[in-house]
Amino acid sequence: MRNNPEEASLRTAVLGAGALGIIIGALIAKGGYLVDLVDSFKENVDALNANGARVTGFLELNVPVRALTPDQLEGCYDLVLLLTKQTNNETALTQFLPHLHKDSIVCTLQNGIPEESVAAYVGKDRTIGGAVMFGATWEEPGVSRLASPYENTRRFAFTIGEIDGVQRPRIQQVKEIIETVGKAEVISNLMEVRWTKLLMNATFSGMSAALNCTFGDVLASPKAMACVAHLADETVKVCHAQGYHMVEVLGESFEQFELTTDADIPKKIELFQRLWDNQGSQKGSMLQDLEKGRKTEIDCINGVVCRKGREAGIPTPYNDKVVELIKEEEKSGKLNDFSYLARFDTI
């Protein structure tokens with residue numbers, strides 16, 4: 001890192017100061033870089049300005065930050081780290097467009113596979129992508145809980161890359177800034193990493209939201225874990241149909257999650273338990289949305305597997321069921337409970 005990063009850093013905005021945005025913004029600010037946290041929730045913005053960005057859980061931290069609502073924006077930003085829900089892209093990016101110049105970089109760190117959608121608003125030449133490899137839970141205005149061990153976050157926090165895989169000088173500028181949070185790996189296979197992260201979200205975030213439970217509740221249930229194994233298998237098969245392969249996370253290739261027969265499931269469960277054993281208290285981001293009465297990103301997560309599976313002629317009954325259960329919760333405004341696991345018996 002530079003001794004005085006503010007002197008030559010990109011003017012940066014974290015657009016979407018939610019669970020991940022608060023942590024990322026706090027650590028970038030702590031690293032001495034110029035960063036504004038931008039969020040449409042005024043109470044959250046007010047708390048950030050009054051009390052700083054507070055991080056709890058696996059990291060205890062409080063950092064003074066500058067937070068703004070979209071109507072308070074002035075001038076242009078060189079780098080935007082996009083952390084809003086994909087469901088808010090139209091509003092958030094349309095509001096932000098006047099604050100981009102021709103060489104601005106919009107790095108989408110959203111769930112799913114959002115690059116095409118983001119590029120439709122800001123232009124393909126200004127769009128790069130990345131995956132966040134740690135978990136977080138929004139606690140209250142101005143406060144977020146790091147739900148993954150901090151040592152893992154420092155070791156492997158992000159993967160980032162250009163849509164076309166070409167490494168340009170700008171990607172190194174982005175890398176330097178976000179490595180105040182944790183190691184950022186610059187990659188040429190962004191879409192393969194996207195599919196790998198999609199598997200992570202479609203499994204535990206999907207089941208957490210469908211059953212109104214923590215990751216630990218899923219991990220403790222052999223029946224739920226069998227469903228997780230099938231969710232992962234469907235995602236791997238659909239990924240292959242798109243011409244991509246899963247990549248390694250924490251030294252394990254996610255290609256291993258493809259099933260040959262149901263007899264493979266116990267070994268897959270052991271691998272899941274090894275990789276997720278420190279995240280038992282975490283709730284899926286979609287469940288956090290349901291608890292707040294908000295629309296989830298289900299169409300951008302499990303829904304992607306279902307949609308691409310249909311296009312490729314690959315059955316995705318377990319992902320279809322997760323989508324069905326979460327859509328029911330959105331429509332009724334009532335959360336399911338763990339007994340809804342029985343709904344998978346019909347598959």
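The residues of the chain are indexed from 1 along the displayed sequence. Computed from heavy atoms alone, side chains included, the values below leave out hydrogens, waters and symmetry copies.
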Are [Y] and [X] connected in a single hydrophobic cluster, I mean Ile/Leu/Val/Met/Phe/Trp/Tyr linked by side-chain heavy atoms less than 4.5 Å apart?
X	Y	result
Leu73	Leu34	no
Val106	Leu10	no
Leu79	Val118	no
Val14	Leu68	no
Leu81	Val122	no

| query | Is the ring centre of Phe215 less than 6.0 Å from the ring centre of Phe204? | reply |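 Yes - the distance between ring centres of Phe215 and Phe204 falls below the 6.0 Å cut-off.
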| query | Phe134 and Phe156: aromatic ring centres closer than 6.0 Å? | reply |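 Between Phe156 and Phe134, which both carry aromatic rings, the centre distance is not below 6.0 Å.
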How long is the gap from [atom1] on [X] to [atom2] on [Y], to the nearest 0.5 Å?
X	Y	atom1	atom2	result
Thr196	Glu192	OG1	CD	7.5 Å
Arg145	Glu60	CZ	CD	11.0 Å
Cys107	Gln173	SG	CD	12.5 Å
Asn212	Asn336	CG	CG	7.5 Å
Ile171	Ile160	CD1	CD1	4.0 Å
Gln172	Ile177	CD	CD1	12.0 Å

| message | With side-chain hydrogen bond (donor to acceptor under 3.5 Å, both in side chains) as the test, pick out the partner of Lys42 among Asp39, Asp46, Asn44. | response |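 Exactly one candidate clears the test, Asp46.
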Heavy-atom closest contact ([X] atom, [Y] atom, distance):
X	Y	result
Gly112	Gln86	CA-NE2, 4.0 Å
Ala241	Ala312	CB-CB, 3.7 Å
Val323	Cys306	CG2-SG, 3.9 Å
Ala202	Thr235	CB-OG1, 4.3 Å
Ala232	Phe272	CB-CZ, 3.6 Å
Thr137	Ala147	OG1-CB, 4.4 Å

| message | Please determine whether side-chain hydrogen bond (donor to acceptor under 3.5 Å, both in side chains) holds for the pair Thr69 and Gln72, giving the CA-CA distance in whole Å, both sets of side-chain angles, and the decisive distance to 0.1 Å. | response | CA-CA 5 Å; Thr69 53; Gln72 295 174 320; 3.1 Å; yes
Do any N or O atoms from the side chain of [X] and from the backbone of [Y] form a donor-acceptor pair under 3.5 angstrom?
X	Y	result
Ser104	His101	yes
Ser144	Ala19	yes
Gln256	Ser253	yes
Ser221	Asp217	no
Lys295	Thr87	no
Glu258	Val236	no
Arg154	Val181	yes
Glu179	Ala184	yes
Asn302	Ile298	no
Glu234	Val305	no

Looking at [Y] and [X], is there a salt bridge between them, counting it only when a charged N and a carboxylate O are closer than 4.0 Å?
X	Y	value
Glu185	Lys175	no
Lys334	Glu328	no
Lys283	Asp289	no
Arg11	Asp78	no
Glu252	Arg274	yes
Asp233	Lys268	no

[X] side chain to [Y] side chain, donor-acceptor N/O pair below 3.5 angstrom:
X	Y	value
Tyr33	Glu176	yes
Thr91	Asn88	no
Ser285	Gln288	no
Asn152	Ser148	no
Thr108	Gln110	yes

| request: Run the numbers on Glu330 and Thr296 for side-chain hydrogen bond (donor to acceptor under 3.5 Å, both in side chains), then give the verdict. | output: CA-CA 8 Å; Glu330 287 183 337; Thr296 73; 2.7 Å; yes
For the residue pair [X] and [Y], establish whether any side-chain heavy-atom pair is separated by less than 4.5 Å.
X	Y	answer
Arg126	Asp103	no
Met133	Phe158	no
Cys239	Met246	yes
Met200	Leu275	no
Arg170	Val174	no
Leu83	Leu15	no

| query | Step by step, would you call Asp164 with Lys124 a side chain to side chain contact (heavy atoms under 4.5 Å, CB included)? | reply | CA-CA 10 Å; Asp164 60 8; Lys124 191 173 181 179; 5.9 Å; no
| message | In terms of relative ring orientation, are Tyr318 and Phe344 parallel, tilted or perpendicular, with 30° and 60° separating the classes? | response |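 Correct class here is parallel.
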| What orientation do Phe257 and Phe254 show, parallel under 30°, tilted 30 to 60°, or perpendicular over 60°? |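 Ring orientation, 0 to 90° scale: perpendicular.
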| Pairs meeting criterion side chain to side chain donor-acceptor pair (under 3.5 Å) with involvement of residues 113-122, two or more places apart |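 Output for this query lists Asn89-Ser117, Glu115-Arg194.
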| request: May I have the step-by-step check of side chain to side chain contact (heavy atoms under 4.5 Å, CB included) for Glu270 and Ile265, ending in yes or no? | output: CA-CA 9 Å; Glu270 289 177 6; Ile265 290 175; over 6 Å; no
| field | By ring-ring contact (aromatic ring centres under 6.0 Å, His included) - contacts of Tyr77 (at least two apart) | value |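 Testing Tyr77 for ring-ring contact (aromatic ring centres under 6.0 Å, His included), a comparison that skips the adjacent residues, returns Phe96.
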| field | Lys331, NZ atom: more than 12 neighbouring heavy atoms under 6.0 Å | value |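 No, not enclosed.
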| field | side chain to side chain contact (heavy atoms under 4.5 Å, CB included) evaluation trace for Ser208 with Thr214 | value | CA-CA 6 Å; Ser208 173; Thr214 65; 5.9 Å; no
